[in-house]
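So the structure is just underneath, and the comments pick up after that.
Computed from heavy atoms alone, side chains included, the values below leave out hydrogens, waters and symmetry copies.
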Amino acid sequence: MIVQRTIRFKWILKIDGWNILFFLVYGYLVCALNARSYFESLTFPDAEISVFGIAVAILLGFRNNEAYNRFWEARTAWGNLTNASRNFTSQIMGYIRYPNAQTPVSPETIAKIHTEIIYRHLAFLNALRLQLRHEEAWHELKPFLSELEYQGLSKSANKATQLNHRQAQRLKELHMAGWISEHAYIFGLMESIKAFFAAQGSCERIKTTPLPRQYGFFTKSFVWVFVLLLPLGLVQHLGWGTLPIYVILATIFTITERIGHRTEEPFERKMEDVPMSAICRNIEIDLKQQLGESSIPAPLEPKDGILM
């Protein structure tokens with residue numbers, strides 16, 4: 001996610017650099033041909049081109065609004081995961097108690113169970129992040145899982161689902177053993193597990209269901225028809241003054257189209273994406289502090305104005 005207030009010129013070149021170069025060349029050719037009276041016998045309907053540009057702008061606005069809605073839904077899902085994770089940790093710390101109050105048990109035993117569950121949840125969050133980005137860095141889950149549980153994930157097609165399912169099984173085991181009360185188990189902890197599955201499902205739906213391709217295809221096609229016709233209408237009135245105006249106007253349309261295209265897929269590890277790595281690290285910091293640990297990792301900082 002871009003966190004710097006000003007957009008750097010190199011980012012513009014990365015997104016639309018080749019198009020800008022094309023507009024310079026194409027605009028120059030149109031102006032040169034006009035200077036040689038090549039268009040003297042032709043009259044281009046500049047008013048109609050303007051109306052066409054307005055229609056394209058409306059279509060662009062609709063498409064980009066839908067693209068932003070997808071990005072915001074993805075960010076909302078991770079915001080829900082953040083809130084639910086903090087609540088889940090408080091539930092674990094408050095609900096899990098030794099079943100027999102008359103038999104003393106060491107605080108270390110209870111703390112070990114708390115840590116096991118919270119670390120498994122951190123593994124779930126990072127597994128979801130890796131899956132959404134199609135990354136294979138599964139070794140990042142090792143610090144949060146036992147060796148046996150980590151090795152057992154190797155055959156799982158959806159590792160995040162398996163980790164949350166295993167979490168539900170572990171909570172059931174504790175409930176059956178008397179460590180968790182009936183009410184806390186059903187109306188507290190299992191509701192949190194349900195919330196995790198719901199947020200995961202929202203992210204997977206966005207990932208696997210693209211914005212209808214017809215929107216992207218026709219929007220891009222109409223944008224390019226417009227930017228190719230635009231200098232033919234301008235050059236009749238502006239001559240060589242067409243070149244800078246054309247490059248600016250054409251770039252506005254194509255870069256707006258490119259921004260919409262890049263925004264509609266928020267989990268592709270692009271600079272405009274949801275900063276899942278930073279969110280996972282922030283959740284890890286919060287949860288470890290809730291556990292009372294002293295070894296807390298530092299938050300991820302933006303690099304070159306981009307937070308991943």
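A 6.0 Å sphere centred on CH2 of Trp240 holds more than 12 heavy atoms belonging to other residues, nucleotides or ligands. The 12-atom threshold is not exceeded at OH of Tyr215, counting heavy atoms of other residues, nucleotides or ligands nearer than 6.0 Å. At most 12 heavy atoms of other shown residues, nucleotides or ligands fall within 6.0 angstrom of atom OH in Tyr28.
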(message) The test is side-chain contact (heavy atoms from CB on, under 4.5 Å); show your working for Glu293 and Thr115 and say whether it passes.
(response) CA-CA 10 Å; Glu293 295 189 3; Thr115 301; 4.2 Å; yes

(message) Quick one, Met271 with Ile15, criterion side-chain contact (heavy atoms from CB on, under 4.5 Å). Give me CA distance, side-chain angles, the key distance, then yes/no.
(response) CA-CA 11 Å; Met271 60 184 181; Ile15 295 173; 3.8 Å; yes

(request) Check the pair Ile20, Ile255 against side-chain contact (heavy atoms from CB on, under 4.5 Å), reporting the backbone distance first and the verdict last. (result) CA-CA 9 Å; Ile20 294 173; Ile255 203 169; over 6 Å; no

(request) Just do the side-chain contact (heavy atoms from CB on, under 4.5 Å) check on Lys159 and Leu130 with the steps written out, would you? (result) CA-CA 10 Å; Lys159 293 177 173 55; Leu130 294 172; over 6 Å; no

(message) The test is side chain to side chain donor-acceptor pair (under 3.5 Å); show your working for Trp138 and Glu136 and say whether it passes.
(response) CA-CA 6 Å; Trp138 300 115; Glu136 297 295 329; 3.0 Å; yes

(request) Show your working on ring pair (Phe, Tyr, Trp, His ring centres under 6.0 Å) between Trp18 and Phe23 and close with a plain yes or no. (result) CA-CA 9 Å; Trp18 288 108; Phe23 299 146; over 10 Å; no

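Arg70 pairs by the salt bridge (Lys or Arg N to Asp or Glu O under 4.0 Å) definition with Glu265, not counting sequence neighbours.
Taking the charged nitrogens against the carboxylate oxygens, Glu204 and Lys207 have no contact shorter than 4.0 Å, which rules out a salt bridge. Ion pair Arg213/Glu264 flagged as a salt bridge, since at least one NZ, NE, NH1 or NH2 atom sits closer than 4.0 Å to an Asp/Glu carboxylate oxygen. Look at Glu173 and Arg166 and you find a salt bridge, because one of the NZ, NE, NH1 or NH2 atoms lies within 4.0 Å of a carboxylate O, short of that distance. The pair Asp286-Arg86 meets the salt-bridge criterion, since a charged nitrogen lies less than 4.0 angstrom from a carboxylate oxygen.
Taken to the nearest 0.5 Å, the CE atom of Met93 stands 8.0 Å off from the CD atom of Gln290. Rounding to the nearest 0.5 Å gives a distance of 8.5 Å between CG of Leu287 and OG of Ser90.
Gln131 places a side-chain N or O within donor-acceptor distance of the main-chain N or O of Ala160, the cut-off being under 3.5 Å. A donor-acceptor pair under 3.5 Å is formed between the side chain of Asn126 and the backbone N or O of Leu122. Counting only distance, with no hydrogens or angles, the side chain of Asn282 and the backbone of Ala278 share a donor-acceptor pair below 3.5 Å. For the pair Lys142 (side chain) and His139 (backbone), a donor-acceptor distance under 3.5 Å is absent. Looking only at distances, a side-chain donor or acceptor of Gln167 sits under 3.5 Å from a matching main-chain atom of Ile117. Judged by distance alone, with hydrogens and angles left aside, the side-chain atoms of Asn64 form a donor-acceptor pair with the main-chain N or O of Thr256 at under 3.5 Å.
Cluster annotation: Ile252 is not connected to Leu24 through the hydrophobic network of ILVMFWY side chains, with a link wherever side-chain heavy atoms come within less than 4.5 Å. If you chain together hydrophobic residues whose side chains sit under 4.5 Å apart, Val30 and Val225 fall into the same group. Under the 4.5 Å side-chain heavy-atom criterion for Ile, Leu, Val, Met, Phe, Trp and Tyr, Val223 and Ile245 are members of the same hydrophobic cluster. With hydrophobic clusters built from ILVMFWY side chains whose heavy atoms lie under 4.5 angstrom apart, Ile248 does not share a cluster with Leu60.
A 4.5 Å side-chain heavy-atom check between Phe217 and Gln214 finds every atom pair outside the cut-off. Looking at Lys220 and His261, their side chains never come closer than 4.5 Å, going by heavy atoms from C-beta outward. Residues Ile193 and Leu189 have side chains not in contact (no heavy-atom distance under 4.5 Å, counting atoms from C-beta outward). Side-chain contact between Phe267 and Asp273 is absent, with no heavy atoms from C-beta onward closer than 4.5 Å. Between Leu163 and Leu145, some side-chain heavy-atom pair lies under the 4.5 Å cut-off. For the pair Pro143/Tyr119, no side-chain contact is recorded, criterion being any heavy-atom separation below 4.5 Å from C-beta on. The closest side-chain heavy-atom distance from Thr242 to Gln236 is not below 4.5 Å. Side chains of Phe218 and Arg63 form no contact here, defined as non-hydrogen atoms less than 4.5 Å apart.
Paired with Glu116 under the rule side chain to side chain contact (heavy atoms under 4.5 Å, CB included), one option of His114, Lys112, Arg120 passes, and it is Arg120. Checking Phe124, Phe196, Tyr95 one by one against Phe88, the ring-ring contact (aromatic ring centres under 6.0 Å, His included) holds for a single residue, Phe196.
Taking the six-membered ring where tryptophan is involved, the planes of Phe187 and His183 are tilted, since the angle between them lies from 30° to 60°.
Side-chain contact annotation: Glu257 with Thr219, donor-acceptor N/O pair under 3.5 Å absent. For the residue pair Gln151 / Glu147, a side-chain donor-acceptor distance below 3.5 Å is found, with atom types taken as modelled.
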